[in-house]
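Before any comments, here is the structure.
A note on names: the letters A, B, ... follow the listed sequences, proteins ahead of strands, and every chain is numbered from 1. From a predicted model like this one, the values you see are computed outputs, not experimental measurements.
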Amino acid sequence: MAKIGVFICHCGENIASKVDCTKLAAAIGEHPGVAVSVEYKYFCSEPGQESVKKAIRDNNLTGVIIAACSPRMHEATFRKVCAEAGLNPYLCEIANIREQCSWVHTDKDMATEKAMDITRSMIEKVKRNNKLQPIEVPVTRRALVIGGGVAGIQAALDIANAGQEVVLVEREPSLGGHMSQLSETFPTLDCSQCILTPRMVEVAQHPKIRLLTYAEVEHVDGFIGNFKVKIRMKSRYVNRDVCTGCGDCMVKCPVKKISSEFDCGLGKRTAIYTPFAQSVPNIPVIDKASCIYFKNGKCKTCMKSCQINAINFDMQDEFIDLEIGAIVVATGFQIQNTAGYGEYGYGKYPDVITGLQFERLATASGPTSGKILRPSDGKEPETVVFIQCAGSRDPSKGVRYCSKICCMYTAKHAMLYAHKVHHGKSHVFYMDIRAAGKGYDEFTRRTIEEDDASYVRGRVSKVWLENGKLMVRGVDTLLGRPVTIPADMVVLATAMVPQPNAIEFAKTIGIAYDEYGYYNEAHLKLRPVESSSAGIFLAGACQSPKDIPDSIAQASASASKVLALFSKETLEREPVVASTNEATCAGCWGCVLACPYNAIEQKDILDRSGRIIKSVASVNPGLCQGCGTCVTFCRSNSIDLAGFTEKQIFAEMMAL
Amino acid sequence: MSETFEPKIIAFVCTYCTYAGADLAGTSRLKYAPNVRLIRLPCTGRISPMFILKALQKGADGILISGCHPGDCHFTHGNYHARRRWMVFRSLLDFMGISTERVKFSWISAAEGGKFADLINNVTEDIRKLGPFDQYKELIRETEAPATL
């Protein structure tokens, strides 16, 4: 005989103001099988929890209903309470009368009636709940970090320094990401390379880190603690085990005029190349599309110049299978294609450049050795106009969000320009200055006050060429009049957008993304570094536009989440898994087709002499994630899902 | 006589998207019609056509099925199963003479609290226009079938 305890929470006034709890408790007390039906102001409070425990013990309850907030809020709390009172925690269910009743309805009678229905329905369900035990699954203590930018580097180092194994996968030939392209970093103006390259080297030399560059994640299977990952090692055509990085091949390569991706088209590279001088690892790759040998079968100059025979033109892509316990996604961002902004003349006038190109001009290791020179004629620009929000906060043509870093890097560019070209004059068109961060507002003020950048609040409508000058027509909204500035160079603060294949990649690894392709966190405020999938964490600009300090903070947070997961040998999982009834299973294998996790296997039932009587489906509880698709698929009702059995759901429905 | 018909609607929702979306509607204090009762399931893939038939038989005037958007399923493709099953099932419903208007199918993500509230209001209005679902009851009366209500 069922003895159900129903505990109706007022949640202060949150529930009690719209649901007549006294009436509810009285009505529920009449329901068959209900032994206790009480109300209280806050059941989640310490005395509230104690009263639930006492009621369970005193009445020998066989099931508990907490009619309160969403199960997503306090299911875990009250299951723990039950366990402490000696009741199996899975005999506790939550009736959601706050989020889905009192908060959304205005009519008290209707809301009370709905609360009664919800509670009755859960009572009928809990009567049919079974005692379940959590499933223990082993944890593979090896992390995969995807992306070798500053966020990925930080996450990998944090995990490895705590003594756990890390595999770091980077799809470019070298570690470094966007940060390695930058000149100096705000707000301290320390040189990006100087602070980043030692960390890149540390990653490469760390005994706990396996670094896989020029590699891509091909496939991810499995679940938290037990991922199976396939990695494609793209063929470099250079043997990474013997190459010493002497660079002879790059000197001899006859194809020298390929536009360098690393220099954003401002510099040139060869067909066999490392992206930049401080590349880690310092092993070149052959760009198959530009190499003469791959085009017409002749050349091999690099092969002849290599004294240790590291070059192999027959190299094929290789695949590596890894067992992984947790994944950190740090795949970064790209800058928006500015071609849509015809009015700014990007692509039409060579001296209209992006902020990232300006970084390459300003950096000492860049194509101009740190001199600010115009791409068109190599002259020093006397006047530079910076245009902020070139793509950001523009719902009509660009993206609606703020790219967050542009106000700061534009201020930095104006400052660097003032330091390098003493007689130069800079103008900055802005919408708002968003410089929230430690030392950030002081930094932008310094650009305006000490480095004499003139800030114009307004948008630019057109840029055109007149007598060798780029004429920038905009509006000064503070003075309320149009302005035209003749400039030698125009720098666009282009928006940050997700990587081109971000959505495709999210589907490969099974995480959620937003309308732009940024990866979604599990909860914007409370779980900002966890993805929608357990065991997969996020770091850096793949989640939203971020500057370097934010990326690093998030990477360290992800690393600590990974380490918490690795702190135990096993992890407990909800026992919501399917199981088969071998007596009735006919072996049609419909469930095998339905299962997204390959959790259903064929099991042979043998007689005493070892002959197969029949083959039936059998669920591997370690792989089953509990979606229940197989249950619905089964023609003979031979599979059921613990926690959501057919009986439970029908009972729930019948009570409504 | 002017008393409006209050339909009884049962919704089968997945816990990861629509149930969370409904919670968001709650935390955002959006207001919507109180006619819908939610049944939480792990995934829309768990929804059997039998649930829908039983609910209609039990006296529901309308059914709502809602889960994650295609491509966003927490279980990678449970919602595709649900969608295909629904495509087959709706022609069966139609064949049986039950208006497919009574069974709604939609996608609501965990971030779409506003959309959830709108959906509930629209579904309630639509079912209200269709009127009470008496077909089963009449059939049972006529045939004196021993089906339990």
Task: Non-hydrogen atoms of Asp23(B) and Arg72(A) that approach each other most closely - done: OD2-CD, 3.1 Å

Open item on the list: Does Glu504(A), at its CD atom, have more than 12 non-hydrogen atoms belonging to other residues, nucleotides or ligands within less than 6.0 Å?
Closed with: no

Task: Inter-residue atom distance Cys630(A).SG - His81(B).NE2, 0.5 Å rounding - done: 10.0 Å

TODO: Locate the shortest heavy-atom distance separating Thr632(A) from Pro49(B); write the atom from each residue and the value.
DONE: CG2-CD, 4.2 Å

Open item on the list: side chain to side chain contact (heavy atoms under 4.5 Å, CB included), that's the test. Do Glu6(B) and Met110(A) meet it? Break it down for me.
Closed with: CA-CA 10 Å; Glu6(B) 289 298 341; Met110(A) 294 273 248; 3.7 Å; yes

Task: Thr629(A) OG1 to Arg85(B) CZ distance, which is reported to the nearest 0.5 Å - done: 6.5 Å

Task: Per-residue contact mode, Asn14(A) against chain B (heavy atom under 4.5 angstrom) - done: side chain

- [ ] State whether the number of non-hydrogen atoms from other residues, nucleotides or ligands found under 6.0 Å of Lys108(A) atom NZ is greater than 12.
- [x] yes

Task: Engaged part of Ile120(B) at the chain A interface, taking heavy atoms whose separation is under 4.5 Å - done: neither

- [ ] Please flag which part of Phe650(A) lies under 4.5 Å from any non-hydrogen atom of chain B: side chain, backbone, both or neither.
- [x] side chain

Open item on the list: I need the residue from Ala20(B), Gly78(B), Ala117(B) with the largest number of non-hydrogen atom pairs under 4.5 Å to chain A.
Closed with: Ala20(B)

- [ ] Write down the atom of Lys114(A), the atom of Pro34(B), and the distance for their closest heavy-atom approach.
- [x] CD-O, 3.9 Å

Task: Nearest-0.5 Å distance that lies between atom CG in Leu38(B) and atom CG in Asp117(A) - done: 12.5 Å

Task: Shortest non-hydrogen contact between Cys627(A) and Pro42(B), atoms and distance - done: O-CG, 3.6 Å

TODO: Please determine if Glu99(A) and Arg29(B) form a salt bridge, counting it only when a charged side-chain N lies under 4.0 Å from a carboxylate O.
DONE: no

TODO: May I ask you to decide if Met654(A)'s main-chain N or O and Lys58(B)'s side chain share a donor-acceptor pair within less than 3.5 Å?
DONE: yes

Task: Option that, when pairs with chain B are counted at under 4.5 Å, heavy atom only, ranks first among Ala111(A), Pro71(A), Cys101(A) - done: Pro71(A)

TODO: Report the distance from atom CE of Met653(A) to atom CD1 of Ile10(B), rounding to the nearest 0.5 Å.
DONE: 6.5 Å

Open item on the list: For a side chain to side chain contact (heavy atoms under 4.5 Å, CB included) check, start with the C-alpha distance between Ile39(B) and Leu656(A), then their side-chain angles and the critical distance, and finish with the verdict.
Closed with: CA-CA 10 Å; Ile39(B) 292 186; Leu656(A) 284 176; 3.9 Å; yes

Task: Contact origin within Phe633(A) toward chain B - heavy atom pairs under 4.5 Å - done: both

Open item on the list: Treating His105(A) as the side-chain partner and Lys31(B) as the backbone partner, does any N or O pair qualify as donor plus acceptor under 3.5 Å?
Closed with: no

Open item on the list: Before you tell me yes or no, could you show the steps for Tyr19(B) and Asn96(A) under side chain to side chain contact (heavy atoms under 4.5 Å, CB included), namely the whole-Å CA-CA distance, both residues' side-chain angles and the distance that decides it to 0.1 Å?
Closed with: CA-CA 11 Å; Tyr19(B) 195 85; Asn96(A) 185 347; 3.1 Å; yes

TODO: Take atom CG of Asn598(A) as the centre, draw a 6.0 Å sphere, and report whether it contains more than 12 heavy atoms from other residues, nucleotides or ligands.
DONE: no

Open item on the list: Quick one, Thr27(B) and Trp103(A) - any side-chain contact, counting heavy atoms below 4.5 Å?
Closed with: yes

Task: Side-chain heavy-atom pair Phe51(B), Glu652(A) within 4.5 angstrom cut-off - done: no

TODO: Salt-bridge test for Glu75(A) and Arg40(B): reply yes if a basic N is under 4.0 Å from a carboxylate O, no otherwise.
DONE: yes

Open item on the list: Shorter than 4.5 Å, heavy atoms on both sides: which option in Cys595(A), Gly643(A), Gly626(A) has the most such pairs with chain B?
Closed with: Gly626(A)

Task: 4.5 Å side-chain heavy-atom contact, Leu641(A) and Arg46(B) - done: yes

Open item on the list: Just verifying a value: how many Å separate Asn520(A) CG and Ser109(B) OG, rounded to the nearest 0.5 Å?
Closed with: 8.5 Å

Open item on the list: For Ala594(A), which atoms come within 4.5 Å of any heavy atom of chain B: side chain, backbone, both, or neither?
Closed with: both

